[in-house]
*Asks:* 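Quick one: the structure is below, questions incoming.
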Amino acid sequence: MAEDKPAFVFPAFISDYREDPSRNIPAFNEIFQSYLNTAAACTDEKLLAFHAVSNPLIEDELLNQYLSYIYGCSCARVLLNKGVNPGMTAGYSMGIYAALFIAGSISFETGLLLIQKAYEAIRKTLPHTHYGMCGVIGLSENDIGEIVLNSNLNLMIVNRNSEYSFILAGDSFHINVFVLKASEEGALHARSFGVTIPYHTNLLEEAASEFSKTVFTADVHSPRIPLISVLNQVRIDDIVLVRAEVVKNIHTPFNWLATQQQMYALGISHFTECGPSLALYKNSKFISGSGKFVKWDSLFK
Amino acid sequence: MAKITENTRNEVRETVFSFFAEECETDKSQINDNTSIIKDLDGDSLMFLELIEIFKKKYNLDIELKTIGKYAVKHPVETIGQLIEMQLLIIEHENRLLELDK
């Protein structure tokens, strides 16, 4: 059991900073700037141009991933400094790297390296950039399957957020067709994410194989706090499982609904989303269980 | 088909106002029928879905989400007042909502 400690959960990408609460928390900004400087020195100095309001870096898929990681690590660090210790952690999609960092499994720099090498492996092995991802709300899995089948779309469901919220990935033209068809069929919301990488699909098997060369030589340790797999909901508690999870996470569908339910079952009663938006917080309202989300900045009010 | 009474109308109105006041961390007195859900309250589809689920449970409604989605495509909702009217139609007509367009 995880006593009464929260689970720290980490989002994948940052789509906007409109709800970002950090600007009013000086302790956060200090840590964020420090991590940002480190990341700029290790990866790309363009990161120093980051500005939460004008937001010039959010369209770049790699820089966005770095920023999401930096934000997640900063958020978790400021909570730790405040004496809030997680009882468990999980990373939504590419949020895995921040989850591994806060679990003590990788250093901040190793996380940056893994993000960079995964991206390079994907760009090296994918034949083109005509891929995409989309989210759909309000249709069942059967409804989605029928649209995909009837329209002969080369797409797959790569994540179930809740009973009526899914993520799909595949060919970008097919994504656009799906978004139109889903709206016609009664989706309350269907939107392309504007990315060019079909994460969590078998299109990235070759990339995962290439990426594994980095993962299996990277400095990785056993997690010090329970880390839950979003792929199969088992506890990842040794180096072998960490390495396998990081590689599989690239090309394997995941299930956030089952992951959050598993954390409930393991005794987690509250969650903190370590990110600038409230995406996981909002989604949690559609997942049955006795836990609740606490906004991370509420501890600083 | 449920009959919409004055009491139902008041309940729906109160639920919608309270819901958005809490979700959007704003004072209920700042919300009125002309309030734009997106522009003024920064509302989103997950809030809409949550509100539908609240009413489905409260009134034990038999309606598929996609039926509401199809109706909403033809009758887009922008303001709180329009949303309340749509919720009342959902309660009144449930899965026969689309028959209103025939």
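Excluded from the calculations below are hydrogen atoms, water molecules and symmetry mates; all remaining heavy atoms, backbone and side chain alike, are included.
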*Asks:* Is a side-chain donor-acceptor pair under 3.5 Å present for Glu61(A) with Thr196(A)?
*Replies:* yes
*Asks:* Hey, is the main chain of Leu280(A) close enough, under 3.5 Å, to the side chain of Asn283(A) for a donor-acceptor pair?
*Replies:*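 No, because the side chain of Asn283(A) does not come within donor-acceptor range (under 3.5 Å) of the backbone of Leu280(A).
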*Asks:* Is there a donor-acceptor pair under 3.5 Å between the side chain of Asn150(A) and the backbone N or O of Glu146(A)?
*Replies:* yes
*Asks:* Looking only at heavy atoms, what is the nearest atom pair of Cys274(A) and Cys75(A), with distance?
*Replies:* CA-SG, 3.6 Å
*Asks:* By number, which residues in residues 10-40 of chain B have some heavy atom less than 4.5 Å away from chain A?
*Replies:* Glu23(B), Glu25(B)
*Asks:* Tell me if the aromatic rings of Tyr69(A) and Phe13(A) count as close, with their centers under 6.0 Å from one another.
*Replies:*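 When the ring centroids of Tyr69(A) and Phe13(A) are compared, they turn out to be at least 6.0 Å apart.
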*Asks:* Determine whether a donor-acceptor pair (N or O, by modelled atom type, separation under 3.5 Å) exists between the side chain of Thr201(A) and the backbone of Pro198(A).
*Replies:*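 A pair under 3.5 Å: yes.
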*Asks:* Roughly how far apart are Leu257(A) CG and Ser284(A) OG, rounded to 0.5 Å?
*Replies:*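 The distance works out to 11.5 Å.
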*Asks:* Under 3.5 Å, side chain of Glu273(A) to main-chain N/O of Val9(A), donor-acceptor pair present?
*Replies:* no
*Asks:* Tell me whether the rings of Phe10(A) and Phe8(A) are parallel (<30°), tilted (30 to 60°) or perpendicular (>60°).
*Replies:*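 Phe10(A) and Phe8(A): perpendicular rings.
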*Asks:* With a strict 4.5 Å heavy-atom criterion, list every residue of residues 176-190 of chain A that contacts chain B, or say none.
*Replies:* Ser183(A), Glu184(A), Glu185(A), Gly186(A), Ala187(A), Leu188(A), His189(A)
*Asks:* Using only non-hydrogen atoms and a strict under-4.5 angstrom cutoff, which residues of residues 61-85 of chain B touch chain A?
*Replies:*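 Contacts with chain A: Leu65(B), Lys66(B), Ile68(B), Gly69(B), Lys70(B), Val73(B).
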*Asks:* Quick one: closest heavy-atom pair of Ser93(A) and Ala12(A), and the distance?
*Replies:*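 Heavy atoms only, the tightest pair is CB-CB, 3.7 Å.
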*Asks:* In terms of ring plane angle, is the pair Phe293(A) and Phe271(A) parallel, tilted or perpendicular, where the classes change at 30° and 60°?
*Replies:* parallel
*Asks:* Within residues 154-175 of chain A, which positions have a heavy-atom distance to chain B below 4.5 Å?
*Replies:* Tyr164(A)
*Asks:* Verify whether the ring centers belonging to His200(A) and Phe254(A) lie closer than 6.0 Å.
*Replies:*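 Yes, the ring centres sit under 6.0 Å apart.
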*Asks:* Hey, does Ile268(A) have a side-chain heavy atom less than 4.5 Å from the side chain of Pro6(A)?
*Replies:*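 No, side chains not in contact.
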*Asks:* By the definition side chain to side chain contact (heavy atoms under 4.5 Å, CB included), identify the one residue from Ile25(A), Val78(A), Ile70(A) that meets it with Phe32(A).
*Replies:* Ile70(A)
*Asks:* Before we go on, tell me: are the rings of Tyr71(A) and Phe28(A) under 6.0 Å apart, centre to centre?
*Replies:*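 Yes: the rings meet the under 6.0 Å criterion.
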*Asks:* Kindly compute the distance separating CZ (Phe286(A)) from CD (Glu53(B)), expressed to the nearest 0.5 Å.
*Replies:*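 Answer for the CZ-CD pair, Phe286(A) versus Glu53(B), is 7.0 Å.
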